[in-house]
Amino acid sequence: MSFTTSGRDQLKSGFAHVGGRARRGRRLAGALCARVFFFFLLTADSSTMANEARPCPCDIGDKIEYGSLGEEVQIEHIKAYVVKPKAPTEKALIIIHDIFGWQLPNTRYMVDMLASHGCIAVCPDFFIGKEPWSPSNDWSGFQQWLEDKKPTNINKEVDAVLKYLKGQCGVSRIGVVGFCWGGVATHYISLQYPEIKAGVSVYGIVREKEDRYDLKSPTFFIFAENDFVIPLDQVTALEEKLKEKCTVDFQVKIFPNQTHGFVHRKREDINEPDRRYIQEARQDMINWLNKYV
């Protein structure tokens, strides 16, 4: 998964959508975020937050208006956003969205960015047509909304996408990247699918499986230091247990002064103090995928 000249041109075109031709939008739901975090801190202890039961009680951050470079296709029973490089490739990435769904412009920007490094990138609708979470929803209904959207109940969708990538796209090396809800799903896939060459779980942890440390694929975990959703004691416990029980390569990295969602829902062009960490996390992600996919 190397960075090609055509990839740089494609990514540059993507930046033009964000910075020049497209309208910029920034929805900073500060009051909502504070209310949400206070609610969850009161109603959930640290052992049940930020896992498959509560994968992402957070605000949407810096939502961008982005045109995207790929196309929507039908893969068996699910829709998916797909970006293909100009040159043939045997490598592909499955990008797993957060609670705001597969059509969130921020996520599609990340799909395009990853595809610009010379691989096929596909972001399926893991909610299978069901409504994603909306920033205007009342968080008291989050658990009910989540009932039929468990990030550890995705095998049918993963199998369909793997079949599509291998059969119709001719790829043989596949990695997975997921954000928030998708980070939990990525951790889960890394436990279930040895054929996946690498995973990058961005702010997500599986906690309810007894074998959650028995990774089958090399996995990179990205976390934020100031994450109300994932307390650092969960991150520390994960790393300690992985060191004790995991037999494949892994890395756990905490980014200082960052908050939940910083990698894909915080724009580096308008968050100068965070620019370094946003870019570093994205480059770490690419380096890990280059190493194993």
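Residues: numbered from 1 along the sequence shown.
With respect to D284 and R282, no salt bridge is recorded, no charged nitrogen being found less than 4.0 Å from a carboxylate O. With respect to K245 and E240, no salt bridge is recorded, no charged nitrogen being found less than 4.0 Å from a carboxylate O.
Note: L238 CG to K243 NZ = 10.5 Å, rounded to the nearest 0.5 Å. Between K79 atom NZ and W102 atom CH2 the span is 6.0 Å, to the nearest 0.5 Å.
Applying the ring-ring contact (aromatic ring centres under 6.0 Å, His included) rule to Y292 yields the partners W288; only residues at least two apart in sequence or on another chain are considered. Remark: Q103 engages E72, R108 in a side chain to side chain contact (heavy atoms under 4.5 Å, CB included) (not counting sequence neighbours).
If you look at F127 and W133, their ring centroids are not closer than 6.0 Å. A distance of 6.0 Å or more separates the ring centres of F250 and F220. Checked against the 6.0 Å centroid threshold, F221 and H187 count as a close aromatic pair. No close placement of the Y109 and H264 rings is indicated, their centers lying 6.0 Å or farther apart.
Defined by atom type and a distance below 3.5 Å, a donor-acceptor pair is missing between the side-chain atoms of D159 and Y164. Between S201 and T186, the side chains place no donor N or O within less than 3.5 Å of an acceptor N or O (distance only, hydrogens not considered).
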